[in-house]
S.K.: 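Handing you this structure, nothing more for now.
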Amino acid sequence: MVIMMATVNNPESNSLADWLNTLSHKRIRFLRLLSQIFFFVVLNGAFLGLARMPFPAPVHIPPGSPYAIVWGGFSAIQFILSSGQFPFFALGIFFISGAISGRIFCGWACPVGFWQDTLDTVGSWVRIPKWKVSRRTDEGFKEIPATIAIVAFIFSSWIGISRLKGDIVADNFITRMAWDALDPAGTLFVGWFYAIFWNVVPGDSGFFSNLGSDLNIFILNSIILVIVSILSLKVPRLYCRYLCPTGALLGYCSKSSLIAVKRNPLNCVDGCRECEKACPMDVPITEFGLEGISDTACIACGQCIDKCPEAMSFGIRI
Amino acid sequence: MKLQERLFFYTMILLGITFLLLGSALEELNILETVDKARNTNLGAWRDFLTTWVHTMNPPSTP
């Protein structure tokens with residue numbers, strides 16, 4: 001009680017700066033949480049009355065998300081390609097945002113990234129031990145998102161060319177946005193949302209009509225979602241690291257991004273590697289220095305800066 | 001920033017601007033807008049659109 005009184009009566013300790021200081025090493029984490037909540041609400045802002053825009057954003061928003069006000073960039077690319085047009089505008093968005101801000105949208109704005117971070121936090125709360133993925137395995141699995149992106153790109157192009165030639169092509173999720181029809185994030189944000197809140201299940205509505213029994217596909221998707229979610233409790237950002245084609249595309253464009261996380265080797269303690277242990281994307285941070293981290297997996301989340309503000313910082317590369 | 005990185009950065013910016021202009025000129029976003037018009041801000045309309053869209057391809061087995 002005495003301590004509480006002392007705290008309340010001391011104007012110094014009630015200042016915003018002091019409050020931020022009390023957050024100490026979790027300061028960036030807290031700001032990022034605020035940013036993720038803000039973007040989650042705004043990007044799904046149709047329930048607030050915000051108008052839907054035909055704009056491809058450089059984040060992953062499953063296309064059927066009922067309240068989404070923008071298009072997920074990769075979904076837009078697939079949709080435009082499968083309509084028989086090259087997605088210049090959508091790719092341009094990726095090039096510009098990747099070159100300027102790197103994968104900062106993945107870390108600070110993406111709703112699916114927010115879902116992954118939430119699972120990671122829940123896993124820590126219930127003290128689920130984390131798995132350390134070996135560097136070799138990680139390098140292999142990191143190729144999956146780019147492979148998904150390339151396959152989806154080729155498939156959508158083939159569908160688009162078939163449409164231009166006048167061939168009859170079914171018009172459904174598979175032929176329009178093939179990856180999104182199988183995407184576990186889509187199952188969570190769309191399939192389960194429809195089932196729980198609107199009592200519409202794919203078996204009734206005809207989702208995935210080209211793949212045989214809709215309900216079976218929905219069940220299969222749900223199983224994949226549960227597996228990915230459980231694994232995400234043990235491996236932080238599992239979806240972003242090993243499944244997300246949006247992140248792969250943005251990562252490729254962000255190799256020399258203007259905004260980057262930098263490491264000052266002079267302030268580093270040999271063999272400490274606390275920054276690498278804190279990194280949810282398992283980036284080999286100590287391989288980089290003042291020139292900035294140019295690993296395509298870096299989402300500029302700032303966990304490393306929280307852990308070691310002496311050596312790590314946000315910076316501009318030029 | 002090394003020369004190679006600098007080149008990559010400027011290539012990305014130039015490509016990005018060119019692609020944005022090309023996409024605008026070709027009215028590429030109209031494709032997305034046709035879908036968006038159906039859903040707009042009206043949630044019911046979007047739900048109806050989505051279910052109608054798939055119903056026309058494959059009528060539901062249950063009413």
Side-chain angles (χ1 to χ4, degrees), chain A residues 45-56 63-64 66-69 71 76 79-80 83-100 170-173 176 190 194 198 200 202-210 214 253-258 291-292 294 317-318, chain B:
Chain A
F47 77 98
L48 297 172
L50 298 178
R52 170 94 181 169
M53 295 175 288
F55 182 81
Y67 298 107
I69 61 161
W71 282 72
F79 196 90
I80 293 165
S83 302
Q85 195 163 327
F86 191 79
F88 286 112
F89 195 92
L91 279 174
I93 294 283
F94 274 93
F95 290 159
I96 295 274
S97 61
I100 292 174
D171 200 8
N172 55 35
F173 260 105
R176 283 295 186 177
V190 186
Y194 271 59
W198 291 338
V200 176
D204 293 333
S205 65
F207 271 44
F208 315 122
S209 51
N210 272 11
D214 305 328
C253 305
S254 70
K255 273 182 181 171
S256 309
S257 64
L258 196 63
E291 78 279 5
S294 54
R317 262 195 296 214
I318 199 78
Chain B
M1 203 187 244
K2 292 175 200 163
L3 178 67
Q4 196 183 351
E5 289 177 338
R6 212 174 271 251
L7 273 175
F8 187 87
F9 170 73
Y10 286 118
T11 308
M12 279 292 147
I13 294 286
L14 274 176
L15 258 181
I17 293 170
T18 313
F19 274 29
L20 286 181
L21 292 173
L22 265 173
S24 304
L26 294 170
E27 297 181 340
E28 173 191 315
L29 297 186
N30 284 0
I31 296 170
L32 305 181
E33 199 169 12
T34 49
V35 181
D36 287 345
K37 267 183 187 163
R39 60 188 283 180
N40 204 357
T41 52
N42 187 333
L43 199 54
W46 164 236
R47 186 176 53 178
D48 293 345
F49 164 72
L50 195 64
T51 46
T52 310
W53 185 23
V54 287
H55 281 179
T56 50
M57 295 299 122
N58 186 10
S61 52
T62 51

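Proteins get letters first, then strands, A, B, ... in listed order; numbering begins at 1 in each. These numbers come from a predicted model, not from an experiment.
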S.K.: Tell me, out of A:Ala76, A:Gly45, A:Pro87, who's got the most heavy-atom pairs with chain B below 4.5 Å.
M.R.: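 It is A:Pro87.
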S.K.: Let me have the donor-acceptor pairs involving side chains of residues 10-23 of chain B, under 3.5 Å, with sequence neighbours excluded, atom names and distances please.
M.R.:
| from | atom 1 | to | atom 2 | distance (Å) |
| --- | --- | --- | --- | --- |
| B:Thr11 | OG1 | B:Leu7 | O | 2.5 |
| B:Thr18 | OG1 | B:Leu14 | O | 2.6 |

S.K.: How close do A:Arg317 and A:Glu291 get, heavy atom to heavy atom, and via which atoms?
M.R.: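 Closest heavy-atom pair between A:Arg317 and A:Glu291: CD-O, 2.7 Å.
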S.K.: Examine whether an atom of A:Phe94 lies under 4.5 Å from a heavy atom of chain B, and if so say whether it belongs to the side chain, the backbone or both; otherwise answer neither.
M.R.: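 Neither the backbone nor the side chain of A:Phe94 comes within 4.5 Å of chain B.
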S.K.: Sequence neighbours left out, what passes side chain to side chain donor-acceptor pair (under 3.5 Å) with A:Ser83? Give chain and number order.
M.R.: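 Side chain to side chain donor-acceptor pair (under 3.5 Å) list for A:Ser83, sorted by chain: A:Arg176.
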S.K.: Is A:Ser294 close to chain B through its backbone or its side chain, or both, or neither, when contacts mean heavy atoms under 4.5 Å?
M.R.: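 Contact with chain B involves the side chain of A:Ser294 alone.
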S.K.: Less than 4.5 Å apart, side chain to side chain, heavy atoms only: is that true for B:Leu29 and A:Pro56?
M.R.: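 Side-chain contact under 4.5 Å: yes.
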